[in-house]
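These notes concern the structure reproduced below.
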Amino acid sequence: MMLRTALLALILQLLALPAGAEGPIVIKFSHVVAADTPKGKASEFFKRRAEELTRGRVKVEVYPNSSLYKDKEELEALQLGAVQMLAPSLAKFGPLGGKEFEVFDLPYIFDNYADLHRVTQGPVGASILRQLDGKGIIGLAFWDNGFKSFSANTPIRTPADLKGKKLRIQPSKVLEEQVRALGALPQVMAFSEVYQALRTGVVDGTENPHSNMYTQKMHEVQKYLCLTDHGYLGYAVIANKKFWDGLPGDVRSQLEQAMKESTVYANRIAQEENERSLELIRKSGKTQIHVPSKEEREAFRRVLIPVHARMEARIGASLIRAIYRETGFDPNRP
Ligand code: LMR
């Protein structure tokens, strides 16, 4: 009997042992959105391809939905090496000293995914990722999400409808300025807290692509949605640089390959995921969806495009111009 107990204790001890020298390299990949979103799906795709290509030498543990860390904590955790990979929204790099990333938050700077890809898949995007050099972080890729709508509990048709409203935003100075331009009050808040804040009326409204709204059930506590497409929300996939540089060369190349494939996948599914979410919001019957008229769209553009000029000092006029050149954006177009 004693022998059996001792044997059982030994087996349990062995099971609890951390991976030794022979064990796989573990990558903890934390993010704040639901698994059933463009980023959630792309991180699972990366996990699968990384494990396949390295033949199990790497194990990727994906922690979705702020289950491990919330927005601010995850950035600290990456720098400390408590997690190895993240894909924060481009609006969240300010605290890391990555002000240039906020250029993606400028209202209407991208008309569509094709314009966006000219930047994220080209030299301007690469130069933005390089801003992370020297900060203990390596920028690996840009992953798409999509274009944002405004939501609230009162109808939204023109900028005047948002006047005086408290709107939850991500921690970006550009988004703060955007909300002020509307005459509304910006309220920075972690993504994991938005649903509750909307439900209890701590904030009146918010902005996000539809996949984020639907998977966090925001539409259940927001009666009105206006398809403004007024700005873009996407991600930079980043890793702890010391960890990445310390990987065996062959493993690093395999992970780079897995990242390349995941980026193609992420950017292929993002638009349809957002369209699917909008359909599901519509079907829920809980939110009235307004498609702005040409005049209403123009009213939003007139109020929001001046944010570009106001943010030049923060982001850099030359970076903003470089993006205009890539996309053909004309700030004087009505
Ligand atoms: C948000 O905070 O609204 C988004 O950045 C969440 C995300 O990661 O898409």
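We count ligands from 1, going down the list as the structure has it; atoms in each ligand are counted the same way.
- Contacts with ligand 1 closer than 4.0 Å are made by side-chain heavy atoms of Arg168 only, the backbone lying farther away.
- We find that Arg118 and Asp115 are joined by a salt bridge, their nearest charged nitrogen and carboxylate oxygen being less than 4.0 Å apart.
- In terms of N/O distances under 3.5 Å, ligand 1 is approached by Tyr235.
- Contact annotation for Val194 and ligand 1: no heavy atom of the residue comes within less than 4.0 Å of the ligand.
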| task | Just do the side chain to side chain donor-acceptor pair (under 3.5 Å) check on Ser151 and His219 with the steps written out, would you? | result | CA-CA 8 Å; Ser151 71; His219 64 289; over 6 Å; no
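- Atom 7 (C) of ligand 1 has its closest protein heavy atom at Val33 CG1, 3.3 Å.
- Residue Val62 comes nearest to Glu44 through the heavy atom pair CB-OE2, 3.6 Å, listed as atom of the first residue, atom of the second, then distance.
- Only one option out of Asp144, Thr327, Asn112 pairs with His117 in a side-chain hydrogen bond (donor to acceptor under 3.5 Å, both in side chains); it is Asp144.
- Shown in contact with Ser89 at under 4.0 Å from a heavy atom are these atoms of ligand 1, numbered in order with element: 5 (O).
- For atom 4 (C) of ligand 1, the nearest non-hydrogen atom of the protein is Gln170 OE1, 3.4 Å.
- Looking at Lys92 next to ligand 1, an N or O pair under 3.5 Å apart turns up.
- Salt bridge status for Lys260 with Glu256: absent, with no side-chain N to carboxylate O gap under 4.0 Å.
- For the pair Arg268 and Tyr265, the NZ or CZ position fails the cation-pi test of under 6.0 Å to the six-membered ring centre and within 45 degrees of the ring normal.
- The part of Leu233 lying near ligand 1 is the side chain, judged by heavy-atom distances below 4.0 Å.
- Residue His31 places every heavy atom at 4.0 Å or more from ligand 1.
- For Lys41 and Asp36, the salt-bridge test passes: some basic side-chain N is under 4.0 Å from an acidic carboxylate O.
- Protein heavy atom nearest atom 8 (O) of ligand 1, with residue, atom name and distance: Lys39 NZ, 2.7 Å.
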